[in-house]
Every structure is written in structure tokens, then in C-alpha cells.
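Structure, as C-alpha cells:
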Amino acid sequence: MYDYEDEDDDLFGDAPTAAAKAQIDFRAELNDDQYAAVTAPDGPAIVLAGAGSGKTRTLTYRVAYLLTQGALPEEILLLTFTNKASREMLDRVEHLTGVASHQFLGGTFHHVGGQVLRSFGDVVGLPRNYTILDDSDSDALLGEIIRESDPDFLKKKDNPKPKVLKNLISFARNVMRPVEEAARARYPSNRDVAEQIAFFAEEYRETKLRRGLTDYDDLLELWLKVLESNDEAATYYQNRFRHILVDEYQDVNVLQASIVDKIAANHQIMAVGDDAQCIYTWRGADLDQILDFPKRHPETTIYKIETNYRSSPQILELANDILESRSIDRSYTKILKPSRPNENLPVFVPAMDAYQQADYVLNRIDRLIDSGARYSDIAILYRAHFHAMDIQMELSRRGTPFVITSGIRFFEQAHVKDLVSQLRFIVNPKDLPAFHRFACLLPKIGEKTASKILNLAETISSKNNIPMVEALATEAVSKKIPADAEEDWDALVETLQAVDEAARTSPPVKVVDLAVNGWYADFIRYTYDNWAHREEDLESLIEFASRYDNLSEMLAELILLSSESGNRVTRSEESCLRLSTIHQAKGLEFPYVFIIGLADGLFPIKRAIDGEGDLEEERRLFYVAATRAEKELFMIFPMLSNQKGTPVRMQLSRFIRELPDTHYEVEKPAPSYRSQGNYGRGNQGYGGKPKYGGGWARRRS
DNA sequence: AGTCGAGTTCTTTTT
DNA sequence: GAACTCGACT
């Protein structure tokens, strides 16, 4: 028998060397479907790899195969969707072939785009030292631009907020449609607004370019623009990359697909994906890209990998049911063939409310642990972060070790951003959001004062032809500083000068060190009572900087890797239970999976039911969730859900209702003392089809 | 005019 | 918890 364990890292021993390449027996280590894809001849190809069919394995072996066929590592471009996926893939390639992962150009689209712009950005007017705005920075910048060009716009409360507008503009850019068109589709009743939004978008674009800034979308948009407007750049990349592999191709948007098509002038693309798992249409992901791939690339070969090595036949049957429920015009048909032994039927649990849901899940987990499972074998998945709140609290109360991929990421923490903004300003003194960020920390300095200071400093800087840092230190500027802020201001300017000096003469470690131990060190000590903890985070930033020899490159990585340290661990070095959104669990697998919050309005989420979102996408999300499970799958429905403090009775999720009830079993949770729901007559009708009697409308006090 | 603190409301998904 | 509103204070 073959060993298809995808996660088995020790398959090839401890010290693979370049010589190991020759030892890979592709025929023996892959099944027929995988082997066909891995050894595919040159030419465009789609690999349709169903959930759990060894997609990552196929991709990594493909890279190894190309190397044995004489391809050089630097000729291979490996594009993924998330940093996690890219790291995992490159590690496994390295492990498999002994070729160090940094020799490949690989990473997320945004990451590679950032690198391309580092070399060719001047073609589109971007300086080499450009800085990248994260989400909240770009929201703030857009807000400022709106306030500048139409001060009344944001005061009207039925006008959309900057964040909403940024998302709308971002969506338009990712699907490569005019902003005005997208705006008109969104606000059909208000023609003026659409026009105005388009105007804001244009101002936003110009401001970013003028100030040497990019947002996430620019990394793709400008990348494509470079390729289209500059033959030298296009030819360079077209010649360099003889093989392009794209992971998760079903989640690619038009912009990304266009970039790939442009680089792959000779059609050497292998696109790997599964149309049933497309869950990013809200970010512009476009199923047509994978469905029409063969049209855009004549003579595409389609490879299907259908044997599932992950889940029990029972879970697969349920997963197939979910796909059956789809109402869609087209898709690639595929059958997932089971290969695992039988297990119990998936379990459906109607719980009284979120408390009982948490109670059930944790009790069930205790039993799993008692019977030999490790915490790391278990995942709790949910649609939105806040659905997990009760479980989180209960886990902390019981002292169960867990990791949560929380909403707040390492680099989005206030103190990290505060510090990074100072570095950004040093690298790119035109980075206005960066200046605002740290200037507003000083007492009596808010948005308005910060703008005045920056304006004045910029005038002085250009008039006297001195660097910005010097301009900030001039008499004229310090006169504008409010009295309460003077002391901080002097210390801040001193730090900035020292950091600026170091940036020109010393490696990034030294620069970051100076910033961390400068003015900001004092600032956090008298601002936060948990300053010690924050200081630790900043120390790790110094450590991070030591891996780079270029400051702007380091900052770019920092922002693009934002999810890297997002895992909040409650206990270190221990086997941990995982709490995750379904989106973040994509590509992962666990023996035991709990999907919570299976109520209409939670999952599928309310907006999708109201028609503002895509119900089909919600269903694909449910499919992704269910196919994470290897042995046992638990689906929990909280009948009462707290909405704005009052419990509201929920409908069972339509995704459960549409499943054949012979494909899962119903388990009633033990009554929980913490739950108020034990009204004496609950739980009727759970023998077969779920049916819900009344009586839950009582309010919780 | 602009900053700041208290109180309120509502949470999608991510590079 | 964070983002927003509102009123008080400088």
C-alpha cells in the first residue's frame, strides 16, 4: 500500500540532499491520477483536485518532477493564495528535493507583485522605496481624500462610509470594471453618488502614486500595468518563467488571471483547483476563470484527481449531498471516491442556545480526549469570528489549551502599527497615513493638527531643500506643537533623526532596534499598563528585522505577512485545539471537526439570505467545512441566538434541512445547567426529520 | 476649532 | 472588542 498521508513530513527521512532528487520514484509514490498530472507534458493544464485528494502533494511532486526534467528552480513560479499555503508548499518541495525554497520565486500574488514592483515600479511611476498601506491605513487615506474634496459627504448619514467605499472600489478594481459602474450597481437610486465615488477613487489613486504608496490591490493592478506597458519587463518575466503553477485557481480573480496569462505567453501554466471550493467571490474571485481556462488556453489538458484520502465514506457522502443541493448552471463534474475505512455517521446536534452549544462541544471534546485523541486532532469551525465567543470563554474557563486564528493579527495590533508607522515614514517621508499614525499619539494632537504639522514640514522641506526629518526639527514646526505635546515631540523627533541616520548607514536590525528603544519605549510605559507584553512584541520585531538587509523590503514583508503570527496561543508548546473560521481552515484537515452555528442567519449568514450575498458561495463554504473532517463530523445548531442582548429563535440552517436525514444521526445534548433553555418540553420531534415546537420565546434576564 | 472620554451599537470571509 | 457618536472641555 502507498502512504498518502499528506501531512507526513518524515516520509523521506531527515536530511534530503540534491541527490535525493534522483531517488524519487514518482510512479510508486503517486496514484494514477496524481501521476498523470505530475508528469504532464509541456502545455497548459488544469488539475481538478477534489477536497482531500492530495492536491498539495501533486503540486509539490510536480515541482520536483520539473527539476528532474532539467528545469532550474528560478524558472519556476509558484503562486498561492495565502502565505501559509506558500510556506507549506515551499517547505515540502525543499524537503522532497533538497533544493532550498528561497531559490524559487513563490508566494502569494500580492507578495510576488510587490517584488516585481520593487524592480519595475518606476515604469508606472512608483519609487523604489514605496510603502504598502494595510487595510485600515487605506481606509483612513480614502476618508481623508473624501473629506478634502467634499467635506459634507461624510456628514450625510445615508452616504456610505470610507471603509464601505474602499471595499466597493477595491472590488471594482479586482474584477477590472470601472468604479462608476460598480457604484451604480450598488447604489442604483442615486446617480450622483456613483459619479462622486468614481471621482474619489481617482483622487485616491493619484494621491497614492504621488506619495509613493500602494494598497493591496495596487500590488496586482500595477503589476499587470507593468507587464502591459513595458516590453522589457514583460519579456523578462516571460522568458524567465518557463513553468507557472497556480494553486487554488478557483479563487483567482480576473486581475490575477490576466497577470498569469500575460506572463505565461507560451501557455506553460498548470492551474490547480477545485471549482466546488471557490469561496472568495466577495473579493472578486471569478469561477469563469477556471471554467473558461480551456477557452483562453487552447489545447488545455484537464486532469482530474478524484480519490479522497482524507475523509470517511460517511463524511464524503454528506459532502456529495452538499454539492447535490447546488443550483448552478455549470461546473466541472467530479466524484469523490472514498478510500478510508468506515466511521460513524456525521452527527447533528440541536442545542438550546450558544451556552449549550459550547457545553456540548466541550464535553464531546473531553470524551474524544479520554478515548485517546490529541487536542491538535480537533477543530471547531464557524462562519464568523464572533460566533465563537461563547466557546472561547468556556475554553478559557475550563483551561483547555486552544489556538485561535483571531481577527486581530500581530501586525495589526496598535503598538506594532505605531512603531511600524515610524519606520515607514523614515523609508518614505511622503507616507502620510504613517505620519498621522504616530503624530496622533501625542497629547492634543489629532487629525487636524497632524495635517497642519505635516503640511508645514513639507513646505519647509521643499523650500529649503532639506530632508523631511530635518524639517520636522525646525523652530517653525515646533512652534505649531501644542504645549502639552512639546516634551514628547522633542523626544520623537530625536528618535526619528537617529533612526533616519541609521537607515542610511546600518542594517535593518539596528534601525528597528533604535526605533523600538527610542521615544516609543517611553511612550508605551506610561500609556499602557500591559506595556511589558507590548514590549515583547516589539522585541520580536527586532528579531524579524535581522532576517533582512533592506528596510523597505522588510516593511513590505511585514505587512504582507500580516496573518503569520495571528495565532493566539493560550499555552505554549502544548497540543492545542484549533478554533478557526472556515475561510482560514481551507486546506487544513483534522480527524474531528465541529461546525457550530448552523442556523439560518449565522450560517448561511444573514446577508446571503437577504440577497446581498451569494447563497451558493455559502453552500460551497459549508462544503469546505465538512470536507476538513477525517473521521468524525459534528454539526451543531443553537436554537436561540443572542442578538443585541436578546435571545432570538433561529431557524435550522437550510444547509442541514436539504441533507437526506439518513446520512447523519441526531444527538440530543445533555441538559446544561448554565443554559436557560430547559423549559420542560423541549426536544420533541427529533426522531427523524427535525421539527421545531414553540415555547422558546421567553427572554433571558 | 479641535481633542478627548464616555457611552452605544454591531460584528463575514482576507491579501 | 472596535468603531462610531455625542457632549464637555481646552
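What you are looking at is a predicted structure, and each value in this text was computed from that prediction instead of being measured. Convention: sequence-line order gives letters A, B, ...; per-chain numbering from 1.
Where A:Leu442 and A:Glu618 each meet DNA chain B at their nearest nucleotide, the meeting point lying more 5' is that of A:Leu442. Both A:Thr581 and A:Ile445 lie close to DNA chain B; mapped to their nearest nucleotides by heavy-atom distance, the more 5′-ward contact belongs to A:Ile445.
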Inset, instruction - Summarise how protein sits on nucleotides 5-10 of chain C as a single string, 5' to 3': B when a protein heavy atom is under 4.0 Å from the base, S for sugar-phosphate-only contact, - for no contact. - result: ------
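Atom-to-atom, OH of A:Tyr382 to C1' of B:dT14 comes out at 14 Å; the value is rounded to the nearest Å. At whole-Å resolution of the value, CG in A:Asp484 and C1' in B:dG2 are 13 Å apart. With rounding to whole Å, A:Leu602 atom CG is found 16 Å from B:dC10 atom P. Rounded to whole Å, atom P of B:dT15 lies 10 Å from atom NZ of A:Lys586. Put simply, CG on A:Asp135 is 11 Å from P on C:dA3, counting in whole angstrom units. Between the NZ atom of A:Lys163 and the P atom of B:dT11 there is a distance of 11 Å, rounded to whole Å. The separation between A:Asp215 atom CG and B:dT14 atom P is 18 Å, rounded to whole Å. The CD-P distance, from A:Glu412 to C:dA2, rounds to 11 Å in whole Å.
A salt bridge between A:Lys417 and A:Asp134 is present, with a side-chain N of the basic residue lying under 4.0 Å from a carboxylate O of the acidic one.
A donor and an acceptor atom, one from each side chain of A:Ser327 and A:Glu616, are located under 3.5 Å apart. No side-chain donor-acceptor contact under 3.5 Å links A:Ser138 and A:Asp215.
Not one side-chain nitrogen or oxygen of A:Gln584 sits closer than 4.0 Å to the OP1 or OP2 atom of B:dT13. Considering only side-chain N and O atoms, A:Thr82 lies nowhere under 4.0 angstrom from the phosphate OP1 or OP2 of B:dT14.
Atom CD1 of A:Ile169 and atom CZ of A:Arg205 lie 12.0 Å apart (nearest 0.5 Å). With rounding to the nearest 0.5 Å, the separation of CG in A:Leu560 from CD in A:Gln115 is 9.5 Å.
Among the heavy atoms of the strands, none lies under 4.0 Å from A:Phe109. Residue contacts shown for A:Pro443 are limited to sugar-phosphate atoms, with no base heavy atom under 4.0 Å away. Residue-level contact check: A:Glu617 touches neither bases nor backbone, having no heavy atom under 4.0 Å from any strand. Nucleic acid contact class of A:Asp217 (heavy atoms, under 4.0 Å, all strands): none.
With a 6.0 Å cutoff to the six-membered ring centre and a 45° limit on the axis angle, A:Lys586 counts as a cation-pi contact of A:Phe81.
The aromatic ring centroids of A:Phe594 and A:Tyr382 lie 6.0 Å or more from each other.
Every pair passing salt bridge (Lys or Arg N to Asp or Glu O under 4.0 Å) that includes a residue from residues 439-456 of chain A is listed here, sequence neighbours excluded: A:Arg147-A:Glu447.
For A:Lys448, whose side chain is taken as the heavy atoms from C-beta onward, the closest listed nucleotide among B:dT14, B:dT15, B:dT3 is B:dT3. Counting only heavy atoms from C-beta on, A:Thr449 has its side chain closest to B:dG2 among B:dT15, B:dG2, B:dT13.
Taking atom C1' in both C:dC4 and B:dT13, one finds a spacing of 23 Å when rounded to whole Å.
Once the 5.5 Å centre distance and the 30° plane angle are applied, the aromatic ring of A:Trp282 is found stacked with the base of B:dT13.
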